[in-house]
Amino acid sequence: MNPPVFRFAPSPTGHLHLGHALSALTNFAAAKAADGRFLLRIEDIDPTRCKPEFEQSIYEDLAWLGLEWETPVRRQSQHYEDYAAALGKLESEGLLYASYETRADLARLITGRDPDGGPRYSREEGLAPAEARSREARGEPYALRLDMQEALSRISIPLFWNESGAKIAAEPARWGDVVLGRKEMPASYHLAVVLDDALQGVTHIVRGKDLYEATAVHRLLQELLGLPAPAYRHHRLLLDVHDKKLSKRDKSTTLRALRADGWTVSDVRQAIGL
Ligand code: GLU
C-alpha cells in the first residue's frame, strides 16, 4: 500500500497567520499519524499578488513551527504548461468558452451569487453576442469559462465527495460557469489545485472551511479530467475579535509578528487550540 499523502498549499500573497499555522500543523500531524508523506506547495499563479519575500517567509515560518516537508517544493508558477495542457483538453472537448465581461460588466449584469458571494456567471446574463464579438475582434482580454451545463451532461451525476468519511453531494452548478483560465494566464486556482493534487498523488486534502463549497467544483474537474478523488476534511476557521475569518491583511496575527513579540511555538499551539 502506498502511504497517504497530505499537503499544505499556501499562496505567497502575504505573511502566514495563525489560521495557516492551524492548517499546516493539522496536515503535518495527520501525515505523521498515518505514516504518510507531507508536501508543501506554493500556489503562486497570480503574478500581481504573489511576492518572493512572502514565499521566503512561508519557509521560515513553517520551519519555525517545526515542520519538515519534501523537496523540491512544487511552485505553480513553474508549471503553466501542465495547466495549459489540461485547459487544452477541456477546450478540445467543447467545454470552455471565452467571455469578455470586465469586472464592472459583471457587477452591472450578473444577478446570481455563487457560494462565496461572487457573481454566479451565466451566458444568458452576459454581454450581448454582438458586443462580445466586437471585443473579440479588438483582441480584448477574456476569461475562459467552463460551460457548466455541458460539463454536467458529460459526467455521471449525482456527484459526491468524501468529507471525513461522510458522503457529501456536490452541487457545482451553484458556482455557474467558473473561470478556469484567462487570455494571459492558462490557469486558475480551481484548475491548478485539482491538477497539482493529482500530479503529486495527494490522497488527503485537509484545509479550511472557507474552501468547503469549492470542493464541488474540484470534484467536477476531477471527473472531467479523469483524475482520482482524494478524501477531504475542512477544518474550523480561526476568527478575529470581530468574528471575521483571519486575513493576511491583518498584520497582528501573522506568525512573524507574534514571533517578534516573543511568542513560542507552544504559545501558537495554545492560541489555535491544538
Ligand atoms: N492556495 C489556497 C489558499 O492559500 C489553498 C488551496 C487549498 O488548500 O486547496 O487559500
Side-chain angles (χ1 to χ4, degrees), residues 1-13 20 23-24 26-28 30-32 34-47 49-50 52 54-55 58-59 62 67-93 95-96 144-146 151 154-155 159-163 170 172 175 178-182 184-208 211-212 214-234:
M1 265 267 286
N2 290 330
V5 181
F6 293 77
R7 51 64 162 184
F8 175 58
S11 300
T13 55
H20 296 105
S23 233
T26 304
N27 271 289
F28 188 67
K32 272 233 144 89
D35 270 330
R37 296 168 53 203
F38 174 72
L39 310 179
L40 171 64
R41 182 168 71 232
I42 301 294
E43 302 215 321
D44 60 348
I45 52 171
D46 182 346
R49 296 176 59 223
C50 295
F54 294 137
E55 180 177 339
I58 288 173
Y59 301 133
L62 295 181
L67 269 56
E68 289 164 31
W69 53 91
E70 294 182 13
T71 53
V73 168
R74 185 172 171 95
R75 301 171 66 244
Q76 291 187 325
S77 58
Q78 295 178 322
H79 297 279
Y80 288 122
E81 70 283 5
D82 290 339
Y83 314 128
L87 270 183
K89 174 173 154 66
L90 296 173
E91 188 152 39
S92 71
E93 290 171 4
L95 291 172
L96 298 185
L144 277 175
R145 292 183 179 274
L146 180 69
R154 306 281 180 90
I155 62 158
L159 186 65
F160 294 96
W161 85 80
N162 171 346
E163 176 78 25
W175 288 90
V178 286
V179 174
L180 296 186
R182 295 190 184 276
E184 313 293 350
M185 170 58 59
S188 70
Y189 159 65
H190 294 309
L191 184 78
V193 81
V194 157
L195 206 67
D196 282 353
D197 284 330
L199 288 172
Q200 296 190 285
V202 173
T203 56
H204 291 71
I205 294 180
V206 178
R207 59 187 179 187
L211 292 169
Y212 181 89
T215 310
V217 175
H218 300 173
R219 281 292 299 116
L220 173 61
L221 292 175
Q222 285 154 2
E223 291 299 303
L224 294 172
L225 293 166
L227 306 174
Y232 289 88
R233 175 172 140 210
H234 292 89

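Index from 1, following the sequence.
Scanning all heavy atoms of the two residues, the minimum distance from Pro10 to Leu40 falls at CD-CD1, 3.7 Å. Considering all non-hydrogen atoms of both residues, Phe6 and Ala34 come closest at CE1-CB, 4.4 Å. Summarising the geometry of Leu195 relative to Leu227, their closest heavy-atom pair is CD1-CD1, 4.1 Å, with the distance given to 0.1 Å. Across Ala229 and Arg219, no two heavy atoms sit closer than the pair CB-NH1, 3.4 Å. Among all heavy-atom pairs drawn from Ala192 and Gln76, the shortest one is CB-NE2, 3.5 Å. Pro4 approaches Thr203 most closely through the heavy-atom pair CA-OG1, 3.4 Å.
Contact of the Met185 side chain with the Val179 side chain is not registered, since no non-hydrogen atoms from C-beta on lie closer than 4.5 Å. Pro172 is listed as a side-chain neighbour of Leu159, based on a closest heavy-atom distance under 4.5 Å. The shortest distance between side-chain heavy atoms of His20 and Phe8 falls below 4.5 Å. Looking only at side-chain heavy atoms (C-beta outward), Glu91 and Leu144 come within less than 4.5 Å of each other.
Between the CG atom in Leu87 and the CG atom in Leu95 there is a gap of 11.5 Å [rounded to 0.5 Å]. Atom-to-atom distance recorded for Ser77:OG and Asp46:CG is 11.0 Å, nearest 0.5 angstrom. From Cys50, atom SG reaches atom CD1 of Ile45 across 8.0 Å, with rounding to the nearest 0.5 Å. Between the CG atom of Leu225 and the CG atom of Leu220 there is a distance of 9.0 Å, given to the nearest 0.5 Å. Here CG of Leu39 is found 9.0 Å from CG of Asp197. Values are rounded to the nearest 0.5 Å. In this structure, CD in Glu55 is found 12.0 Å from CD in Glu43, a value given to the nearest 0.5 Å.
When each of Arg74, Arg41, Glu70, Arg7 is checked for a side-chain hydrogen bond (donor to acceptor under 3.5 Å, both in side chains) with Gln200, only Arg41 meets the rule.
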### Task
Show the numbers, then the answer: is there a side-chain contact (heavy atoms from CB on, under 4.5 Å) between Ile42 and Tyr59?
CA-CA 10 Å; Ile42 301 294; Tyr59 301 133; 3.6 Å; yes
### Query
Taking it one step at a time, do Val217 and Leu146 satisfy side-chain contact (heavy atoms from CB on, under 4.5 Å)?
CA-CA 10 Å; Val217 175; Leu146 180 69; 5.9 Å; no
### Task
Report the C-alpha distance between Leu224 and Glu93 in whole Å, list the side-chain angles of each, state the deciding distance to 0.1 Å, and finish with yes or no for side-chain contact (heavy atoms from CB on, under 4.5 Å).
CA-CA 10 Å; Leu224 294 172; Glu93 290 171 4; 5.7 Å; no
### Task
Please assess Leu191 against Leu90 for the test side-chain contact (heavy atoms from CB on, under 4.5 Å), listing each intermediate value before the final yes or no.
CA-CA 11 Å; Leu191 184 78; Leu90 296 173; 4.3 Å; yes
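No more than 12 heavy atoms of other residues, nucleotides or ligands shown are found within 6.0 angstrom of CZ on Arg233.
Side-chain N or O atoms of Glu163 include one that pairs as donor or acceptor with a backbone N or O of His234 at under 3.5 Å. Within the 3.5 Å criterion, the main-chain N or O of Val206 finds a donor-acceptor partner in the side chain of Asn27.
Among residues two or more places apart in sequence or in another chain, the side chain to side chain donor-acceptor pair (under 3.5 Å) test is passed with Glu68 by none. In terms of the salt bridge (charged side-chain N to carboxylate O under 4.0 Å, His left out) criterion, residue partners of Arg154 (sequence neighbours excluded) are, by chain and number, Glu150.
Ring centroids of Trp161 and Tyr212 are separated by less than 6.0 Å, placing the two rings close together.
Between Tyr80 and Tyr83, the ring planes lie perpendicular to each other; the angle is over 60°, past the 30° to 60° tilted range. A perpendicular orientation is assigned to the rings of Phe28 and Phe38, their planes being inclined by more than 60° (bins at 30° and 60°).
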